[in-house]
*Asks:* 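I'd like to ask some things about the structure below.
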Amino acid sequence: MSDITAPGIELAAQAKEWDAADELSALRARFVLDDAVYLDGNSLGALPASVPGRLADVVHREWGELRIRSWDESGWWTAPERIGDRIAPLVGAAPGQVVVGDSTSVNVFKAVVAAVRMADEDSGSGDGRRDEILVDATTFPTDGYLAESAARMTGRTLRPVTPAEVPAALGDRTAAVLLNHVDYRSGRLHDLPALTAAVHEAGAYAVWDLCHSAGALPVDLDEHGVDLAVGCTYKYLNGGPGSPAYLYVRRDLQPRFDSPLPGWTSHAAPFAMDPAYEPAAGAPRGRVGTPDILSMLALEAALDVWDGGGDGGSTGTGVTIESVRAKSLALTDFFLRCVSAYVPEGRVESITPVAHAERGSQIALRCDDAGDVMKRLIHQGVIGDFRHPDVLRFGFTPLYVTFADTERAARVLGETLGEMG
Ligand SMILES: Cc1ncc(COP(=O)(O)O)c(C=O)c1O
Ligand SMILES: Nc1c(O)cccc1C(=O)C[C@H](N)C(=O)O
């Protein structure tokens, strides 16, 4: 039914030209995709083609045949820190500072409590003089819930403020600040370097949630002196549903990282089974219990996409986060251009900033009847998601989303809204 208009022909031709010139275009073949336009990688990344074979090997050989020996011989025991070191370059961290495990929610709790304990240690007496935790008032709810519990447990007050209000809210009462790098709803990218510097200026600790930025844009944790960071691996890192999250603890803070969940796998000598707890050195201090090996090794295989692996390296494509960011911005710019060409005037309003410095890798459009609109889009093979009460969210994963996908998504959106009147 699509009646491509003159601007439509021009946009479709433009998409074709950019796809042909795209240095990342070969990567799409490394994912299991169909004819649908998949713009929900900011919720659940697509399946990397390397994962099913690797998981079958883990199940049949490593578990089925080697059984208990795999903890050593197949490297299961050290998987959390080994895979942490695979994620580290994607978030600008030198090796030895990222450990994989648990959910983002659990890691938020560990990081916020540990940050407050460090603030207590700084003030000497541990008397709770720094009695406030600031939290992003617009955060994905789990971070707010966990920060509230962390505050209650450490005897602090939780103060929700928007990221823009953080500099003015900081002071000598602030112990820790929990922020999102990219807002899950609007797609707004917050100024991590400036906000981290402001938190430090106030003598407090910065905890960043990287769920919506890691794998989509440079984070540069080490360069900006971030204290602690957490993030999930099932969005832009394509680790699979419920794949384990990660925790970054800056190297010089590791000896002071006092986990509120000191499980036995974070012990310096776990197999000594010592009743007295002695924390491991380095990133493994952030571990809790037995790692979830199946999910973790699926994630490890998924990360092959980044280093030209997954196909034996035959394409030899080393993917840089900078090239991913450049394509992400080109895709979201192009989507906004196509939306203004195809969508009836005034029917949607972008709540994602136009400025590149303030944009993550998604476009969020405010739209009447957004829930109904998204159902119709999905029915026509354009998969985004709906966020209550009126937001259409479209996530752009540069590893597999094309410019042709982008043009088609906007065109179908325009047609759908045109039909709905
Ligand atoms: C910013 C942010 N933090 C945390 C989470 C969720 O964490 P968890 O993996 O613990 O469900 C999400 C999405 O689910 C998120 O978008
Ligand atoms: N983690 C999710 C899940 O288990 C089920 C459905 C959605 C999710 C999500 O990741 C939601 C996502 N963080 C968001 O930005 O809305």
Side-chain angles (χ1 to χ4, degrees), residues 38-47 80 83 87 91 98-113 135-150 160 162-163 177-190 192 195 206-217 219 226 228-248 261 286 288-289 291-292 295-296 298-299 302 351-352 359-366 370-371 374 378 383-397:
Y38 192 65
L39 301 181
D40 216 356
N42 53 342
S43 193
L44 176 67
L47 171 65
I83 303 170
I87 293 172
V91 292
V98 178
V99 70
V100 173
D102 310 310
S103 61
T104 305
S105 304
V106 171
N107 284 309
V108 163
F109 182 71
K110 291 182 219 170
V112 173
V113 173
V135 65
D136 179 351
T138 57
T139 191
F140 187 78
T142 204
D143 295 42
Y145 305 155
L146 269 307
E148 199 278 327
S149 177
T162 65
V177 185
L178 173 61
L179 290 165
N180 291 284
H181 197 192
V182 172
D183 184 90
Y184 80 102
R185 214 160 168 276
S186 66
R188 176 179 289 276
L189 170 63
H190 296 298
L192 178 146
L195 286 166
V207 181
W208 285 93
D209 182 329
L210 310 177
C211 279
H212 288 268
S213 59
L217 51 98
V219 180
V226 166
L228 299 140
V230 302
C232 69
T233 61
Y234 46 73
K235 300 183 196 294
Y236 298 103
L237 298 176
N238 310 299
S243 58
Y246 56 90
L247 168 69
Y248 163 91
L261 298 170
V288 183
D292 40 1
S295 288
M296 203 167 283
L299 164 64
I351 58 168
T352 305
R359 191 195 306 164
S361 200
Q362 75 179 45
I363 295 294
L365 302 177
R366 184 169 286 136
M374 186 50 71
I378 291 171
I383 324 283
D385 60 27
F386 159 63
R387 286 291 171 265
H388 197 74
D390 58 359
V391 172
L392 299 170
R393 250 185 12 161
F394 300 95
F396 292 81
T397 302

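The residues of the chain are indexed from 1 along the displayed sequence. Counting starts at 1 for both ligands and their atoms, in listed order.
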*Asks:* What protein heavy atom sits nearest atom 7 (C) of ligand 2, and how far away is it?
*Replies:* S43 OG, 3.4 Å
*Asks:* Considering H212, Q362, R185, K235, which one's heavy-atom position lies nearest to atom 13 (N) of ligand 2?
*Replies:* K235
*Asks:* Would you say S243's side chain and S295's backbone share a donor-acceptor pair under 3.5 angstrom?
*Replies:* no
*Asks:* Does Y184 offer a backbone N or O that forms a donor-acceptor pair with the side chain of R393 under 3.5 Å?
*Replies:*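 Yes; at least one donor-acceptor contact below 3.5 Å.
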*Asks:* Within 4.0 Å of atom 4 (O) of ligand 2 (strictly less), any protein heavy atom?
*Replies:*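 Under 4.0 Å from atom 4 (O) of ligand 2, zero protein heavy atoms found.
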*Asks:* Using atom types as modelled and distance alone, determine if a side-chain donor or acceptor of R185 lies under 3.5 Å from a backbone N or O of A364.
*Replies:*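 Such a contact is absent between R185 side chain and A364 backbone.
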*Asks:* So, do Y38 and L44 sit near enough that their side-chain heavy atoms are less than 4.5 Å apart?
*Replies:*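 A side-chain contact exists here, since the closest heavy-atom pair is under 4.5 Å.
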*Asks:* With atoms numbered from 1 as shown, which atoms in ligand 2 lie under 4.0 angstrom from a non-hydrogen atom of Y184?
*Replies:*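 Here the atoms of ligand 2 in question are 15 (O), 16 (O).
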*Asks:* In the protein, which heavy atom is nearest to atom 7 (O) of ligand 1, and how far is it?
*Replies:*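 For atom 7 (O) of ligand 1, the nearest protein heavy atom is T104 CB, 3.4 Å.
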*Asks:* What protein heavy atom sits nearest atom 3 (N) of ligand 1, and how far off is it?
*Replies:* D209 OD2, 2.8 Å
*Asks:* Does the side chain of V100 come within less than 4.5 Å of M296's, by heavy atoms?
*Replies:*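 They are in contact (side-chain heavy atoms under 4.5 Å apart), so the answer is yes.
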*Asks:* I need the nearest protein heavy-atom contact for atom 15 (O) of ligand 2: residue, atom name and distance, please.
*Replies:* R393 NH1, 2.7 Å
*Asks:* Main chain of A245, side chain of T233: is a donor-acceptor contact present, judged purely on distance under 3.5 Å?
*Replies:* no
*Asks:* Name the closest protein heavy atom to atom 1 (N) of ligand 2, giving the residue it belongs to and the distance to 0.1 Å.
*Replies:* Y234 OH, 3.0 Å
*Asks:* Which residue owns the protein heavy atom closest to atom 13 (C) of ligand 1, what's the atom, and how far is it?
*Replies:*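 That would be K235 NZ, 3.3 Å.
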*Asks:* Can you pull out the closest protein heavy atom to atom 6 (C) of ligand 1? Residue, atom name and distance to 0.1 Å, please.
*Replies:*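 For this ligand atom, the closest protein heavy atom is Y234 OH, 3.5 Å.
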*Asks:* Give the residue, atom name and distance (to 0.1 Å) of the protein heavy atom nearest atom 10 (O) of ligand 1.
*Replies:*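 That would be S105 OG, 2.6 Å.
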*Asks:* Check for a donor-acceptor pair, side chain of K110 on one end and backbone N or O of G286 on the other, with a separation under 3.5 Å.
*Replies:* yes
*Asks:* Using a strict cut-off of 4.0 Å, indicate which atoms of ligand 1 neighbour a heavy atom of D143.
*Replies:*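 This gives 3 (N), 4 (C) as the contact atoms.
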*Asks:* Taking both backbone and side-chain atoms of R387, is any N or O found less than 3.5 Å from an N or O belonging to ligand 2?
*Replies:* yes
*Asks:* For atom 11 (C) of ligand 2, is the nearest protein heavy atom closer than 4.0 Å?
*Replies:* yes
*Asks:* Do side-chain atoms of Q362 reach the backbone of D40 as a donor and acceptor pair under 3.5 angstrom?
*Replies:* no
*Asks:* Under 3.5 Å between any N/O of H212 and any N/O of ligand 1: does that happen in this structure?
*Replies:* yes
*Asks:* Hey, are the side chains of H212 and N42 touching, using non-hydrogen atoms and a 4.5 Å cut-off?
*Replies:* yes
*Asks:* Report yes if some heavy atom in the side chain of V91 is under 4.5 Å from a heavy atom in the side chain of Y246; otherwise report no.
*Replies:*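 Contact flag for V91/Y246 side chains = yes.
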*Asks:* For ligand 1, which is the ligand I care about here, please tell me if N180 has any N or O atom under 3.5 Å from one of the ligand's N or O atoms.
*Replies:* no
